[in-house]
Amino acid sequence: MRVRVLLASSCVLASLLPACSKDEPAAAPKLPTAKHLLLITVDTLRADRLHCYGGREGASPAIDKLAAEGIRFADCHAPMGMTLACLTTLMTSKYPDETAVTNNTLKLDPGENTLAERLTAAGFRSRGFVTNGVLAHNRSGIDQGFTGGYEPNDNESYIATKVRGILENDFGKVPNQREFMWVHFMNPHQPYDPPPKYMKLFDPNYEGKIDTKPETIDGIFVNKTKLAQRDLDHILAVWDGQVRFVSDLVGSLMDTLAKAGLDKDTLVVFTADHGEDLYDHNAYFYHANSLYRSVTHVPLILRQTGAIPAGTTNDDLIELVDVMPTILARLDIAISPDENPGTLPRGTDLSPAVFGTGRVDRLPFAFSQLESEAYGVRNKNWFYVDNPNDYMPVSVPKEGKYPIARRELYDCKADPREQTNIVTQREDVAKNMLEQLNRWKAGLKKGTKLAQTMTQQDIEDLEKLGYVGGGK
Ligand SMILES: [Zn+2]
């Protein structure tokens, strides 16, 4: 924006002179676009556990390779720690208060205009293959627009095999047919139980007493157990084994895409719904209760061989709402000028960053929330939490406490793990961050909450996943 404002101002001044037209900004260069889209999302994949984001060597070779072949956004943020809310934000480019999907028991408004609906309307064949019960169709509404097929299945290896088969034999094979495929992998979501080969991959010689069974992990949170570093390291090693499992699945899809000769025509977008607290706050190993960076910081990688410059990194603070407008631009899908203003994307097209043609024109803030009770706002230097009603979220295990102060402020540079609340020491910063937060909230057009139709079994399944919503 700054560049355009300066150019416009210079033109106003120059308008007093006869040569103004020479100073008009040149039209934006035409950027390469893609024919197809492969969107891969991974549940609970906290960015900093990937090696290409600073995590363990060997945790994520295929994802590291994808990043090396495309652009890696180093500072992308999710709006909360709830699968359905975050994926609804990804698919609509609207914040949870706007979609009204602020937890996993609410349903997407059929009046929203999702990525799949937009691409289907543009002639794409849109298909989804997902592992996570909260994404089941006829309940969440997240399947809206996937008219080419939508299959939820808890078995990730099955989903990967199915998608590989499609990439090999079907995807991109019909002349003039554009394709959109969404794949969502559930690992590394709780329970922390990757296949045996991955369970011991990073810590084969552990002889301590800690295991990663759900009752153990939940017990640590409920009892606020003080873990020895060696035991914590073991849990993290198992967790990273899950990351490696998913990375290998992603790698198998990428290999198949390459063998099918689809690398150049296909935009691959890789991201996550949210991250995970891994004993960073309140002895918690989960995500639904937390607003901290451990839960909101997610990976975002875009790759299109031969089109997107390889091996680049962008450090701008961006959000999941920015993904959909970027995808639409890269697929050359225009937004109709007649579209209902209520369904327009709220995010920003990141294409200038993808191609290095300029700075991305967006607010330097990211926002997050717990239900519509507690909110977080961050920029590159500060993270502020506003919890005016002393909301305390309740999740599985229900007896666990996740206290949040009424006001929290963290210095992101000096305290990147957000451990020391310095709000009373920097009231000036807190005031400014709260103003930014309130300005953003005032601009939200809140949607109407629609409850899902759930059976008793659905509710029990959600509880097993740790998603019961609510709080006190
Ligand atoms: Zn999730």
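Order of listing sets the numbers, starting from 1, for every ligand and every atom in it.
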task: Taking the Zn ion (ligand 1) as the reference point, name the nearest N/O/S atom of Asp273.
output: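 It is OD2, the N, O or S atom of Asp273 closest to the Zn ion (ligand 1).
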- prompt: So which N/O/S atom does Asp43 have closest to the Zn ion (ligand 1)?
  reply: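 Result for Asp43 and the Zn ion (ligand 1): OD1.
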The Zn ion (ligand 1) to nearest N/O/S of Met82 below 2.8 Å: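 No, since none of the N, O or S atoms of Met82 sits under 2.8 Å from the Zn ion (ligand 1).
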query: How about His189: does one of its N, O or S atoms come closer than 2.8 Å to the Zn ion (ligand 1)?
result: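 Given the 2.8 Å cut-off, His189 does not count as a ligand of the Zn ion (ligand 1).
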message: Using a 6.0 Å distance limit plus a 45 degree cone around the ring axis, check whether Arg378 lies over the aromatic ring of Tyr384.
response: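 No.
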- prompt: Honestly, is Arg244 close enough over Tyr198, meaning NZ or CZ under 6.0 Å from the six-membered ring centre and within 45° of the axis?
  reply: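 Verdict for Tyr198: no cation-pi partner in Arg244.
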- prompt: Where do Leu370 and Ser290 come nearest, in terms of heavy atoms and distance?
  reply: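 Shortest heavy-atom contact: CD2-N, 4.1 Å.
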task: Just to the nearest 10 degrees, tell me the angle at the Zn ion (ligand 1) spanned by Thr83 OG1 and His274 NE2.
output: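 My answer is 120°, to the nearest 10°.
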Close aromatic pair by centroid cut-off 6.0 Å: Tyr279 and Phe285: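 They qualify: ring centres under 6.0 Å apart.
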field: side-chain hydrogen bond (donor to acceptor under 3.5 Å, both in side chains), paired with Thr296, selected from Glu319, His77, His274
entry: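 Single side-chain hydrogen bond (donor to acceptor under 3.5 Å, both in side chains) partner of Thr296 among Glu319, His77, His274: His77.
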